[in-house]
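Sequence lines set the chain letters: A, B, ... in the order given, protein chains first and strands last, and positions in each chain run from 1. Below, all heavy atoms of this structure are taken into account, side chains as well, without hydrogens, waters or symmetry copies. Just so it is clear, the structure is predicted and the values come from calculations on it, not from any experiment.
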2 protein chains.
Amino acid sequence: MPHDQPLSRIQTRNRRVILDAALEEFAAAGFAGVTLDRIAAAAGLSKPNLLYYFASKEAIYTALLDDLLDLWLAPLRDLDPAGDPQAEILTYVRKKLALSQSHPRESRLFANEVLQGAPRLGPVIAGPLAQLVADRAALIRGWAEAGRIAPVDPHHLIFSVWALTQHYADFEAQVRAVLGPAHDPYAEAGPFLETLYRRLLAV
Amino acid sequence: MPHDQPLSRIQTRNRRVILDAALEEFAAAGFAGVTLDRIAAAAGLSKPNLLYYFASKEAIYTALLDDLLDLWLAPLRDLDPAGDPQAEILTYVRKKLALSQSHPRESRLFANEVLQGAPRLGPVIAGPLAQLVADRAALIRGWAEAGRIAPVDPHHLIFSVWALTQHYADFEAQVRAVLGPAHDPYAEAGPFLETLYRRLLAV
DNA sequence: GTCTATACTCTGATAGAC
DNA sequence: GTCTATCAGAGTATAGAC
């Protein structure tokens, strides 16, 4: 796409189709494990046509990452300083788990990127993401110091929410294989995590 | 290596050097992201020589995976039915976290594999691994029913240990970027996880 | 056991017709 | 905007000398 004009309807639609197909592929195989042929086939376009919409494979990948962060951090951003601390954190956990269930491909894309040292997302993580976490950690620390939740390391509390919720998307293959087909991972994870954080934070 | 003879000293050594170099590369870039050239360079061998020791890139990768599982599951296997339930689980968490710290490459290799749907490890996960988890879950359930730990879903308790400990290896790039250079992730994670599981399991 | 040279395939990207 | 044809480079693996 050589020009910077506003996108036509067909352009918007094709870009969306390409990104959706690419998300599927990149999440399943990582950046290097995906070929333009596969993305093109999944999107129902020819390879040169794909490259008419995005300059390169890299450009498709970074477009996906760019779209990801806002969605990914929204639940943490939503923590309300004026709300009830325990309820706020439980709501955060619930939203984050729901995000794993509704957007597992995004979760795996993100996991792939960080696992490989965040070569493309590094600056964003060290910048805006770290900034948001610092801000929210301060909020949580305040709640703990006021005795409204049990004392807890706020940074590692946030890490625990990421780890526990994203695990169900990122390690889905393992979770399902271990639990067997009779279990519904997310239906069980909800109550488990609710119990865990209630007991962790109870004053 | 065409023959099935016992390995000479030099063969044993070169196989080890190759596997060590390959672990580094595969953990960092995933199966598809690694070239034989990179592994050969890291191992200090020529590419054809590499292929003298392993039939293919695939063979190197699966050799690594084969070596992985015993190490990975040892702490869970160590759970002692005769021990104190809370102490046993806390010891498990401690060992698993220590494993993340001492073997982050193995953790990331495993994460990469499962993230991509466990194409090669699938049968092992659905078989021996699931069997071990079922066994240990029964043990933990017994402890809970006897009132020796608080009521908790044993499968998801085990998942939580995996998620919380492996997170520090798999998402190390993010953890370090968020905490900044002044923090020591593992030194902080130990007490945090200890507190978390004490509160979760206290009767 | 180890190397140089090379065969062959796949893949990202471009040219140019329509 | 989309396609066919194609190039250049990278990558796995093998042949064969030493």
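Considering only residues two or more places apart in sequence or on other chains, Phe31(B) meets the ring-ring contact (aromatic ring centres under 6.0 Å, His included) condition with Phe26(B), Tyr61(B). Taking the salt bridge (Lys or Arg N to Asp or Glu O under 4.0 Å) definition, one finds that Asp67(B) meets it with nothing, sequence neighbours left out. Every salt bridge (Lys or Arg N to Asp or Glu O under 4.0 Å) that Arg38(B) has, sequence neighbours left out, goes to Glu25(B). For Arg94(A), the salt bridge (Lys or Arg N to Asp or Glu O under 4.0 Å) partners two or more places apart in sequence, or in a different chain, are Glu194(A). A search for salt bridge (Lys or Arg N to Asp or Glu O under 4.0 Å) contacts involving Asp78(B) returns Lys95(B), not counting sequence neighbours. With sequence neighbours excluded, the residues that form a ring-ring contact (aromatic ring centres under 6.0 Å, His included) with Tyr168(A) are His156(B).
The two atoms that bring Val34(A) and Ala29(A) nearest to each other are CG2-CB, 4.0 Å, heavy atoms only.
When the side-chain nitrogen and oxygen atoms of Tyr53(B) are compared with OP1 and OP2 of dG1(C), none of them lie within a distance under 4.0 Å. A close approach under 4.0 Å does not occur between any side-chain nitrogen or oxygen of Asn49(B) and OP1 or OP2 of dG1(C).
Taking a 4.0 Å limit (strictly below) on heavy-atom distances, residues 18-25 of chain A does not reach DNA chain C anywhere.
Rounded to whole Å, atom P of dG1(D) lies 5 Å from atom OH of Tyr52(A). As rounded to whole Å, 11 Å separates atom P of dG1(C) from atom CZ of Arg9(B). Put simply, CZ on Phe54(A) is 16 Å from C1' on dG12(C), counting in whole angstrom units. Straight-line distance from the CG atom of Leu50(A) to the C1' atom of dA13(C): 11 Å, rounded to whole Å.
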Nucleotide by nucleotide, nucleotides 4-18 of chain D touches protein heavy atoms under 4.0 Å in the pattern (B base, S sugar-phosphate only, - none) BB-----SBBB----
Would you give me the side-chain donor-acceptor pairs under 3.5 Å for residues 122-136 of chain A, sequence neighbours excluded?
| unit_1 | atom_1 | unit_2 | atom_2 | d |
| --- | --- | --- | --- | --- |
| Arg136(A) | NE | Leu76(A) | O | 3.3 |
| Arg136(A) | NH2 | Arg77(A) | O | 2.5 |

